[in-house]
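First comes the structure, then the notes that go with it.
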2 protein chains.
Amino acid sequence: MNCVLSVAQPEIIVPKPHQLKWHEAEMGAVFHYDLHVFDGIRYGQGNNRISPIEDYNIFNPTQLDTDQWIQAAKAAGCKFAVLTATHETGFGLWQSDVNPYCLKAVKWRDGKGDIVRDFVNSCRKYGIQPGIYVGIRWNSLLGIHNFKVAGDGEFAANRQAWYKRFCEKMVEELCTRYGDLYMIWFDGGADDPRGDGPDVEPIVNKYQPNCLFYHNIDRADFRWGGSETGTVGYPCWSTFPAPCSHHKRIESQKDQIALLKQGDPEGKYWVPAMADSPLRGANGRHEWFWEPDDENNIYPLTTLMDMYEKSVGRNATLIIGLTPDPDGLLPAGDEQRLKEWGEEINRRFGTPLAETQGRRQRLTLNLNEKQPVNYCIIQEDIAKGERIRQYKIEAKVNGKWQTVCSGESVGHKRIAHFEPVETTALRLTVTQSVAVPEIRHFSAYNVTLK
Amino acid sequence: MNCVLSVAQPEIIVPKPHQLKWHEAEMGAVFHYDLHVFDGIRYGQGNNRISPIEDYNIFNPTQLDTDQWIQAAKAAGCKFAVLTATHETGFGLWQSDVNPYCLKAVKWRDGKGDIVRDFVNSCRKYGIQPGIYVGIRWNSLLGIHNFKVAGDGEFAANRQAWYKRFCEKMVEELCTRYGDLYMIWFDGGADDPRGDGPDVEPIVNKYQPNCLFYHNIDRADFRWGGSETGTVGYPCWSTFPAPCSHHKRIESQKDQIALLKQGDPEGKYWVPAMADSPLRGANGRHEWFWEPDDENNIYPLTTLMDMYEKSVGRNATLIIGLTPDPDGLLPAGDEQRLKEWGEEINRRFGTPLAETQGRRQRLTLNLNEKQPVNYCIIQEDIAKGERIRQYKIEAKVNGKWQTVCSGESVGHKRIAHFEPVETTALRLTVTQSVAVPEIRHFSAYNVTLK
């Protein structure tokens with residue numbers, strides 16, 4: 001009798017097919033728009049959550065132009081755009097037949113406006129993938145507070161059950177009226193359908209099988225990256241110890257925020273990181289919504305590029321928060337900054353000095369001549385999983401390889417920045433991996449930093 | 001020095017000018033119409049108060065004809081008609097700009113329906129005075145329970161204050177859009193503006209100075225008559241010990257219900273009685289709303305006439321509850337019964353054998369010939385107050401006066417029914433009064449009771 005020794009191969013976690021578009025996008029925008037944009041005062045989230053808007057007919061974006069919104073996002077490099085169909089007021093930016101607190105209620109466009117439709121149409125017109133954000137955790141009109149109705153006994157039990165169905169019906173409307181969606185985003189998660197949360201996942205599965213689902217206790221197709229700074233940690237792995245994002249299910253983790261920022265190379269679930277930030281975050285502001293007098297609080301380009309490199313460049317997808325104003329336009333300053341941002345990303349990384357790819361531990365990139373280099377980009381074919389655990393990049397200087405940088409996670413994209421080096425070739429060496437690295441892209445850049 | 005002795009005259013309480021139309025009307029109708037009429041199941045008030053309607057687009061009265069409603073009420077003798085602009089669901093039957101849960105929200109008439117307007121227009125077309133009923137005590141959509149929001153702390157305090165303003169704004173809309181209103185009726189009262197109730201009285205005063213106000217803790221232009229049987233007690237005085245109706249303010253009264261039914265001849269406030277009943281109250285039913293399978297539960301004519309005599313005939317105003325169906329029509333059986341009722345009232349009391357009036361203690365009514373009599377009607381000129389405290393009616397039989405009936409309160413109208421007597425004359429004697437009786441009408445009838 002022969003004894004056959006079977007050595008277990010490490011299980012390599014890979015994304016579900018519909019998650020690939022999350023990584024491919026790299027950048028997207030989320031547009032926040034709700035009643036309080038029109039109230040002329042600065043937003044206070046705490047108060048907004050507990051006090052219904054006094055007069056919802058302040059909603060009157062007379063120059064609404066979602067084409068302009070989407071063009072502005074596209075100019076920055078966004079590949080998808082998400083609209084808050086509802087946020088914390090509970091007001092719906094569409095013609096809902098299940099939520100009366102919606103654009104049917106207002107005088108604007110004689111009660112016939114549908115900004116979700118306008119938004120999705122503009123996305124399709126400009127080749128941007130449309131997503132929808134649904135706020136159900138708070139609903140100031142209905143008195144919903146952190147998913148919960150107020151009150152006790154049969155009253156509260158009935159009302160909670162009703163509210164769950166109310167949310168499910170809104171989600172069904174949004175999943176069935178606007179064609180294929182890139183993403184549906186439940187603000188603060190859709191909680192636990194076995195508890196206070198609506199059972200929305202089957203609805204999304206049924207009507208939008210290829211849609212990114214973000215998120216409830218059972219599932220997050222990507223995870224919040226642990227801050228609203230537009231950055232994630234490093235290393236940043238797409239694998240995660242739970243199939244959900246920042247939910248009580250992972251709150252037992254010792255350092256939940258660090259876990260969200262970095263992921264876990266041993267995690268059994270593909271839950272890649274999302275880095276989000278509002279564009280208007282300078283000078284101590286942090287505004288997801290348009291507010292008066294924030295024109296000067298748009299992040300400077302240097303901050304945005306830092307954000308880009310610490311999110312997209314660290315294997316996360318970056319979502320930038322944009323703030324249409326009460327006229328219905330993205331203000332000129334924001335539009336201009338987005339354009340500058342897209343141009344700067346393109347200036348830095350649009351044209352590599354050289355690029356290569358390959359399925360092996362080591363890739364060499366020969367430059368035609370000796371020249372300065374200060375950035376490399378590495379991309380794994382993540383359909384095969386994140387295989388690289390450690391790598392180093394060396395530059396050939398005077399005939400000798402010298403290390404210019406090293407790192408751990410690569411994943412969809414790693415932008416490695418290092419001190420400028422005059423070199424004739426660069427060499428990527430994967431010093432640790434769980435399987436043969438599938439490197440789809442390795443490139444070098446010489447970026448003049450202004 | 002002369003000593004002048006001043007004997008205090010008893011203060012005679014009189015109605016405010018706008019209250020006279022309450023008495024003059026004698027009969028009115030209240031039409032209840034709300035979402036649950038369309039749900040195909042029998043109404044359960046308790047559940048309705050705590051569970052929002054699952055799908056408000058069931059509201060679809062494809063044959064709505066408020067002309068037909070009003071003509072039916074008019075045929076019974078109603079002089080005013082009231083519509084539940086909102087009831088306990090919180091759904092508004094108009095184009096509200098402050099309550100999104102209204103006819104703007106539904107597909108019916110492409111969200112442009114306004115049943116309050118249709119109703120008021122029909123009233124004016126047929127010479128019926130329009131009134132509006134506003135339900136604010138319950139609002140199942142918003143989770144309002146007996147005027148109160150649920151929850152605690154700042155959340156509840158903010159929400160309660162907001163809900164009060166929400167109600168005030170609805171009332172302002174209803175008081176300013178539809179011309180002069182006969183009555184505004186706050187379901188269950190509008191509570192105490194110093195507590196959980198909205199401050200609606202100043203709004204009604206400002207925009208509808210001649211409108212009957214029913215009611216809050218401070219004011220009731222009439223009072224609930226203590227039952228929903230369509231009857232009041234006897235005697236039944238228009239004076240009352242408090243300016244409000246059935247409110248906690250009078251709950252300290254030993255027998256509040258008896259007080260509501262009978263009033264108080266010594267009361268310092270003119271708060272006359274209202275007797276209300278649904279038309280569909282036979283066979284143990286008591287339905288303010290249309291429900292399936294209640295066609296056979298319309299009160300028989302004998303019951304309705306008994307109701308009439310024990311309300312209108314006892315110095316109260318009778319309000320009959322009518323139930324438009326899901327098609328938007330008052331069902332044929334109800335319409336027919338109302339017509340029969342009006343005809344029967346007219347048959348009994350439309351043509352007196354004789355009538356007289358006068359400002360004195362005793363009035364004699366000579367008949368042209370000896371004939372049977374079994375009813376008399378007495379009316380005081382209540383603009384001068386209810387002066388009569390006791391009276392008797394005698395018939396002249398064979399040259400001698402014999403008492404056929406006696407009573408206490410008269411007020412706007414007393415219908416006195418007695419055993420038929422063959423007589424040549426009738427004599428009303430006021431045996432006790434607080435001032436010289438102002439008798440505007442004394443008449444006799446011979447009614448064949450079928």
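All chains are named by letter (A, B, ...) in the order of the sequence lines, taking the proteins before the strands, and each is independently numbered beginning at 1.
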Checklist entry - With B:H36, which of B:F289, B:F91, B:W288 fulfils ring pair (Phe, Tyr, Trp, His ring centres under 6.0 Å)? => result B:F289
Checklist entry - Step by step, would you call A:R42 with A:D294 a salt bridge (charged side-chain N to carboxylate O under 4.0 Å, His left out)? => result CA-CA 10 Å; A:R42 283 204 165 179; A:D294 271 335; 3.3 Å; yes
Checklist entry - Which atoms of A:D152 come close to chain B, meaning under 4.5 Å heavy atom to heavy atom: side chain ones, backbone ones, both, or neither? => result neither
Item to check | Closest non-hydrogen atom pair, A:Y133 against A:V30 | outcome: CD1-CG2, 4.5 Å
Item to check | From CA spacing to verdict: salt bridge (charged side-chain N to carboxylate O under 4.0 Å, His left out), A:K112, B:D110 | outcome: CA-CA 10 Å; A:K112 297 296 182 190; B:D110 196 28; 2.8 Å; yes
Next on the checklist: Only pairs of heavy atoms separated by less than 4.5 Å count here; which of B:V149, B:V106, B:N99 has the most with chain A?
Outcome noted: B:N99
Item to check | Among B:H145, B:K107, B:Q95, residue most engaged with chain A (heavy-atom pairs, under 4.5 Å) | outcome: B:K107
Checklist outcome for this item: Note: B:E88 and B:D34 closest approach over all heavy atoms is N-OD2, 3.7 Å
Item to check | Student check: side-chain heavy atoms of A:L64 and A:D118 closer than 4.5 Å | outcome: yes
Checklist entry - Is the closest side-chain heavy-atom distance between A:V134 and A:L174 below 4.5 Å? => result yes
Next on the checklist: Can you tell me which portion of A:Y56 sits under 4.5 Å from chain B's heavy atoms? Options are side chain, backbone, both or neither.
Outcome noted: side chain
Checklist entry - Looking at B:N139, B:N57, B:L141, which has the largest count of heavy-atom pairs under 4.5 Å with chain A? => result B:L141
Next on the checklist: Please tell me whether A:H215 and A:F186 form a close aromatic pair, meaning their ring centres lie under 6.0 Å apart.
Outcome noted: no
Checklist entry - Given a strict heavy-atom distance threshold of 4.5 Å, which part of B:Y101 is in contact with chain A: side chain, backbone, both, or neither? => result both
Item to check | chain B contact via A:K148 - which portion, at a heavy-atom distance below 4.5 Å | outcome: neither
Next on the checklist: Please rank A:K104, A:R159, A:R49 by heavy-atom pairs under 4.5 Å with chain B and give me the top one.
Outcome noted: A:R159
Item to check | Closest non-hydrogen atom pair between B:P324 and B:Y33, with its separation | outcome: O-CE1, 3.4 Å
Item to check | Heavy-atom pairs under 4.5 Å with chain A, option from B:D97, B:N158, B:L142 with the top count | outcome: B:D97
Item to check | Electrostatic pair B:K169:A:E54 at N-O distance under 4.0 angstrom | outcome: yes
Item to check | Close contacts, residues 189-202 of chain B versus chain A, judged by heavy atoms under 4.5 Å | outcome: none
Checklist entry - In terms of heavy-atom proximity below 4.5 Å to chain B, should A:I53 be classed as side chain, backbone, both, or neither? => result backbone
Checklist entry - Between B:S51, B:G111, B:A150, which residue shows the highest count of heavy-atom pairs closer than 4.5 Å to chain A? => result B:A150
Checklist entry - Given the rule in the ring-ring contact (aromatic ring centres under 6.0 Å, His included) test, do B:W290 and B:F31 qualify, once you have shown the distances and angles that lead to the verdict? => result CA-CA 10 Å; B:W290 183 91; B:F31 291 84; over 10 Å; no
